[in-house]
Amino acid sequence: MQIAAIETSVVALPYSMGGPHPLFAGQAWDRMEILLVKVETTDGFVGWGEAFGHAAIPTTKAAIDSIVAPLMVGRDAGDLATLTRQVLHGVHLLGRNGSFVYGFSGVEIALWDIIGKRAGMPLWRLLGGGAPAPLPAYASLLRYGNDLDLVARNTADACAAGYRHIKLHEVTLEAVRAARQAPGAADAAIMLDVNCVWTPPEARAMAAALAGEGLHWLEEPVWPPEDGAGLASLRPHGIPLSAGENTAGLFGFKALIEAGAIDIAQPSVTKVGGIGEMIRVIRLCEGRGIRVVPHSPYFGPGFIATLHIAAALIENPMIEVLWAHMEANPFDPWVRPEGGRLAVPTAPGLGCDPDPAILARYAKGPPTRTEWRRA
């Protein structure tokens, strides 16, 4: 089976977040967008993937449409090892991390969906897992600009919704204390993700201040994120350290582990190179005694793939769920937790195709299609 066509499209989904929408690049971030990748094979199978882009979705989409898709159409859809090696080598001069790797990740996820559908097995079974129970999730709150009332209110609401782990995206000690003191949070684990905001000296000072707060982990405290030595310098303060959403594949994680920089690895399937690279990172971490908690604040096939991977391969998994209430989602109900837990699809492949009516209603422009033109 050859890859007959690769199609990219974007859906923009209105959402609320328990506070005012933030600004990004001077514009209100009031839509959650999914960059969908649809792959068709010559024998009629269709798979769905998701490529990371966030506010730069047009850049990732252009990388797929202009380079990645033309490199992949006409190729053997089942030969993922060769495709991964050759396509990522083909774009390595354009960056070992970033839009081209993100774009390949989206296509690769869709190909795994097809492989599972062809085999008649859900991805978790294809990866060697047993029938999974619903997976525990944690609430990943958006940033409220150190508005302590909003931090406390949303922490309390997340606890009331059944979450026992809450992650903040703030940058102050006061925000951590506001969350800890929120109604219902006495028995909740609190994590802090500062998105690489501090230099190593600043991070060491903040880690010293946070050391007595009982954080479950401190995430990406150091700029730049590849500074493994700087990250490792926070270890004397005793807070578990997590990182990985910005890490370039297997060897990026190997470098962080060898620097003694992380207790928790956070690979992102839509960024790291797809499901195959995610598996390699998980195996590496298993051998080095590093816990894996995937980065997954997205809303489509990448999130669904994370459920399957975690169910099959990660001991004591925990799934990141963005604390955002969406007007609609084409992958409901699989992206929606109940009581702080997420069911894993049992149909073949990823186990759920998008609702075409929701795709049409929230489409942001027409799809772009790259077809294999046989000689």
Side-chain angles (χ1 to χ4, degrees), residues 15-19 22 29 32 54 135-148 150-198 203 206-207 210 213-222 225 231 234 239-247 262-271 291-299 302-303 306-307 310 314 316-325 335-337 339-342:
Y15 75 101
S16 60
M17 53 171 279
W29 182 31
M32 292 293 184
H54 192 40
L135 302 179
Y138 74 86
S140 187
L141 275 56
L142 287 160
R143 182 165 292 181
Y144 303 109
N146 205 41
D147 184 320
L148 302 185
L150 287 180
V151 170
R153 189 181 77 197
N154 284 282
T155 299
D157 288 348
C159 290
Y163 292 101
R164 306 317 307 152
H165 292 76
I166 314 293
K167 186 164 80 176
L168 311 178
H169 285 87
E170 307 294 332
V171 294
T172 67
L173 172 64
E174 292 76 16
V176 173
R177 289 177 173 170
R180 174 59 65 207
Q181 295 163 9
D187 298 323
I190 303 296
M191 299 90 87
L192 181 64
D193 180 0
V194 301
N195 294 117
C196 311
V197 72
W198 299 316
M206 285 301 302
L210 291 163
E213 298 301 318
L215 285 176
H216 194 63
W217 73 61
L218 177 59
E219 184 170 336
E220 288 200 320
V222 168
L231 186 52
L234 276 61
I239 305 172
L241 301 175
S242 66
E245 70 178 85
N246 293 302
T247 300
I262 55 172
D263 302 286
I264 298 125
Q266 297 172 299
S268 173
V269 73
T270 65
K271 300 175 77 173
R291 184 184 178 195
V292 177
V293 181
H295 172 262
S296 61
Y298 24 74
F299 319 99
F303 184 85
T306 301
L307 295 180
I314 298 176
N316 299 318
M318 188 164 63
I319 306 299
E320 180 176 14
V321 175
L322 205 62
W323 182 249
H325 302 277
V335 295
R336 184 164 21 94
R341 290 184 172 266
L342 290 147

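Sequential numbering from 1 along the given sequence is applied to the chain's residues.
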Item to check | Contacts of type side chain to side chain donor-acceptor pair (under 3.5 Å), residue Q266, not counting sequence neighbours | outcome: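 With sequence neighbours excluded, Q266 shows a side chain to side chain donor-acceptor pair (under 3.5 Å) to E219, S242, given in chain and number order.
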
Next on the checklist: Just to verify, what does N146 make a side chain to side chain donor-acceptor pair (under 3.5 Å) with, not counting sequence neighbours?
Outcome noted: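 T172.
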
Student check: side-chain heavy atoms of [X] and [Y] closer than 4.5 Å:
X	Y	value
L322	F303	no
M318	P294	no
T155	Q181	no
I166	W323	no

Looking at [atom1] of [X] and [atom2] of [Y], how far apart are the two atoms once the value is rounded to the nearest 0.5 Å?
X	Y	atom1	atom2	value
R291	I262	CZ	CD1	12.5 Å
E320	S268	CD	OG	9.0 Å
S16	H325	OG	NE2	5.5 Å
L192	E220	CG	CD	11.5 Å
S296	K271	OG	NZ	12.0 Å
L173	L210	CG	CG	5.5 Å

Next on the checklist: List the residues meeting salt bridge (Lys or Arg N to Asp or Glu O under 4.0 Å) with D263, not counting sequence neighbours, and say none if there are none.
Outcome noted: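 In terms of salt bridge (Lys or Arg N to Asp or Glu O under 4.0 Å), with neighbours along the sequence ignored, D263 is linked to R235.
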
Item to check | salt bridge (Lys or Arg N to Asp or Glu O under 4.0 Å) partners for R177, two or more places apart | outcome: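 Here the qualifying residues are E213.
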
Item to check | ring pair (Phe, Tyr, Trp, His ring centres under 6.0 Å): pairs with one or both residues in residues 165-189, sequence neighbours excluded | outcome: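 Output for this query lists H165-H216.
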
Checklist entry - Taking N154 for the side chain and G18 for the main chain, is one N or O donor matched with an acceptor at less than 3.5 Å? => result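 Checked: pair present.
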
Mind listing the closest non-hydrogen atom pair of [X] and [Y] along with its distance?
X	Y	value
L168	A175	CD1-O, 3.7 Å
P221	A203	O-CB, 3.7 Å
A178	L148	CB-O, 4.0 Å
G302	V269	O-CG1, 3.4 Å
A179	A185	O-CB, 3.3 Å

Check side chain to side chain contact (heavy atoms under 4.5 Å, CB included) between [X] and all other residues, then give those that pass, not counting sequence neighbours.
X	result
P22	Y15, M17, W29
A156	A182, P183
P337	Y163, V321, L342
T247	F253, L256

Item to check | Those residues that, when tested against Y138, pass ring-ring contact (aromatic ring centres under 6.0 Å, His included) (two or more places apart) | outcome: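 Y138: ring-ring contact (aromatic ring centres under 6.0 Å, His included) contacts with W217.
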
Next on the checklist: The criterion is ring-ring contact (aromatic ring centres under 6.0 Å, His included); which residues satisfy it with W198, sequence neighbours excluded?
Outcome noted: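 Partners of W198 by the ring-ring contact (aromatic ring centres under 6.0 Å, His included) criterion come out as none, since no residue qualifies.
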
Item to check | N195, V151, L150 screened by side-chain contact (heavy atoms from CB on, under 4.5 Å) with R143, the one that passes | outcome: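 Only match with R143 under side-chain contact (heavy atoms from CB on, under 4.5 Å): N195.
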
Checklist entry - Would I319 and L307 satisfy side-chain contact (heavy atoms from CB on, under 4.5 Å), going step by step from the backbone distance to the final call? => result CA-CA 7 Å; I319 306 299; L307 295 180; 4.0 Å; yes

Checklist entry - Got a sec, which pairs hit salt bridge (charged side-chain N to carboxylate O under 4.0 Å, His left out) with one end in residues 178-197, sequence neighbours left out? => result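 Residue pairs passing salt bridge (charged side-chain N to carboxylate O under 4.0 Å, His left out), neighbours aside: K167-D193.
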
